[in-house]
Amino acid sequence: RAEPADAEAVSRLTELRRERYEGYQPVFWRRSESSRAIHEDFLRDELAKDDLLAYVLEIDGEVCGFVAGRFVGAPQVYAPGGETLLIDDFVVEPSEDWIHLGPALLARIWEDCQSANAAQVVVVCGHRDDDKRQMLGNAGLSIASEWWVGNPAESGHGG
């Protein structure tokens, strides 16, 4: 289980992911100059909370993977049959190791989901994060939604 002391190692991993995502979509994923420090402080606080399910994967004493999720209710217009485990932070480095290391983290947090009788798991994944997408598909998850972004000032579309 991840602890506040893991915040520094996890923020290192997530900063590498943010850097890669910024290359995919430079506006939406643009990092602030202090993104790592901000996220490290945020993680330290979050990892102390009981309602966050968070795990690290270590190999030879080095954190190489992290997953975190919270149970949330679905919007009232949907009725999946129970709570949703929303996994927003899920990272493995190097990215090529998703296929080998990602399933272990997913299986661990999935146990919590089953124990709570949750109806579904929702995992956030960047559009071009191909290794992670492949692992999620291999694990039986499917794409439910995509976000499309653009700058209205640059779109050339009028109303």
Side-chain angles (χ1 to χ4, degrees), residues 1-73 83-113 116 118 120-139 141 143-155:
R1 189 153 177 114
E3 300 176 357
D6 294 313
E8 182 179 357
V10 170
S11 68
R12 177 185 54 81
L13 294 181
T14 56
E15 186 67 10
L16 292 170
R17 180 193 61 190
R18 272 193 294 280
E19 182 178 332
R20 192 167 33 260
Y21 276 26
E22 186 176 41
Y24 303 157
Q25 190 8 288
V27 175
F28 185 81
W29 295 107
R30 184 179 304 133
R31 295 172 294 147
S32 78
E33 290 180 18
S34 55
S35 60
R36 183 171 174 187
I38 291 167
H39 195 234
E40 185 175 332
D41 289 343
F42 171 78
L43 280 171
R44 194 170 287 107
D45 290 340
E46 288 297 296
L47 291 173
K49 295 178 181 175
D50 292 335
D51 68 330
L52 183 71
L53 304 173
Y55 300 95
V56 292
L57 180 64
E58 292 183 13
I59 296 179
D60 297 328
E62 177 140 354
V63 174
C64 53
F66 173 71
V67 64
R70 275 201 168 83
F71 290 108
V72 297
E83 286 192 312
T84 296
L85 179 64
L86 176 61
I87 299 173
D88 190 11
D89 279 319
F90 192 7
V91 60
V92 168
E93 286 295 336
S95 189
E96 306 83 55
D97 286 347
W98 269 111
I99 204 74
H100 306 292
L101 303 179
L105 285 164
L106 188 60
R108 180 58 194 94
I109 204 163
W110 199 273
E111 290 175 22
D112 292 326
C113 199
Q120 65 182 347
V121 172
V122 173
V123 180
V124 175
C125 180
H127 181 67
R128 292 178 49 200
D129 197 342
D130 295 330
D131 294 319
K132 183 177 181 180
R133 291 168 68 90
Q134 180 182 353
M135 186 279 304
L136 292 169
N138 290 348
L141 283 77
I143 298 171
S145 177
E146 291 185 326
W147 294 3
W148 290 61
V149 299
N151 182 334
E154 297 173 0
S155 72

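Judged purely by atom type and a 3.5 angstrom limit, Gln25 uses its side chain to pair as donor or acceptor with the backbone of Val27. No donor-acceptor distance shorter than 3.5 angstrom exists from the side chain of Lys132 to the backbone of Ser95, with no hydrogens or angles considered.
For Tyr24, the ring-ring contact (aromatic ring centres under 6.0 Å, His included) test picks out Tyr21, with sequence neighbours left out. Here Phe90 pairs with Trp98 under the ring-ring contact (aromatic ring centres under 6.0 Å, His included) rule; sequence neighbours left out. Partners of Leu13 by side chain to side chain contact (heavy atoms under 4.5 Å, CB included), not counting sequence neighbours, listed by chain and number: Val63, Val91, Glu93. Partners of Asp89 under the salt bridge (charged side-chain N to carboxylate O under 4.0 Å, His left out) rule, at least two apart in sequence or in another chain, are Arg17. Residues satisfying the ring-ring contact (aromatic ring centres under 6.0 Å, His included) criterion with Tyr55, sequence neighbours excluded, are absent altogether. When the salt bridge (charged side-chain N to carboxylate O under 4.0 Å, His left out) test is applied to Arg70, the partners found at least two apart in sequence or on another chain are Glu46, Asp51. Every residue two or more places apart in sequence or in another chain was checked for a side chain to side chain contact (heavy atoms under 4.5 Å, CB included) with Asp45, and none qualifies. Under the rule for a side chain to side chain contact (heavy atoms under 4.5 Å, CB included), the partners of Leu141 that lie at least two apart in sequence or sit in another chain are Leu106, Trp110, Val123, Leu136, Ala139. Scanning for salt bridge (charged side-chain N to carboxylate O under 4.0 Å, His left out) contacts around Glu146 gives an empty result, with sequence neighbours left out. For Glu22, the side chain to side chain donor-acceptor pair (under 3.5 Å) test picks out Arg31, with sequence neighbours left out. Evaluation of the salt bridge (charged side-chain N to carboxylate O under 4.0 Å, His left out) rule for Glu96 yields no partner, not counting sequence neighbours. For Leu101, the side chain to side chain contact (heavy atoms under 4.5 Å, CB included) criterion is met by Leu57, Ile59, Cys64, Val92, Asp97, not counting sequence neighbours.
Taking both residues in full, the closest heavy atoms of Ala54 and Phe66 are given as CB-CE1, 4.0 Å, listed atom of the first, atom of the second, then distance. The shortest heavy-atom contact between Phe71 and Cys113 is CZ-CA, 3.9 Å.
Contact annotation: the side chain of Leu43 never approaches that of Glu8 to less than 4.5 Å [non-hydrogen atoms, C-beta and beyond]. No side-chain heavy atom of His100 sits less than 4.5 Å from a side-chain heavy atom of Met135. Leu47 is not listed as a side-chain neighbour of Glu3, based on a closest heavy-atom distance of 4.5 Å or more.
Salt bridge Arg12/Glu15: absent, no basic N to carboxylate O contact under 4.0 Å. Contact check on Arg44 versus Glu40 returns a salt bridge, with a Lys/Arg side-chain nitrogen under 4.0 Å from an Asp/Glu carboxylate oxygen. Of the charged side-chain nitrogens involved, none lies within less than 4.0 Å of a carboxylate oxygen, so that Arg36 and Glu19 do not count as a salt-bridged pair.
Within the model, atoms CG of Asp6 and OG of Ser11 stand 10.5 Å from one another, a figure rounded to the nearest 0.5 Å. Atom CG of residue Leu85 and atom CD1 of residue Ile109 lie 5.0 Å apart, to the nearest 0.5 angstrom. From Asp131, atom CG reaches atom CD of Gln134 across 7.0 Å, with rounding to the nearest 0.5 Å.
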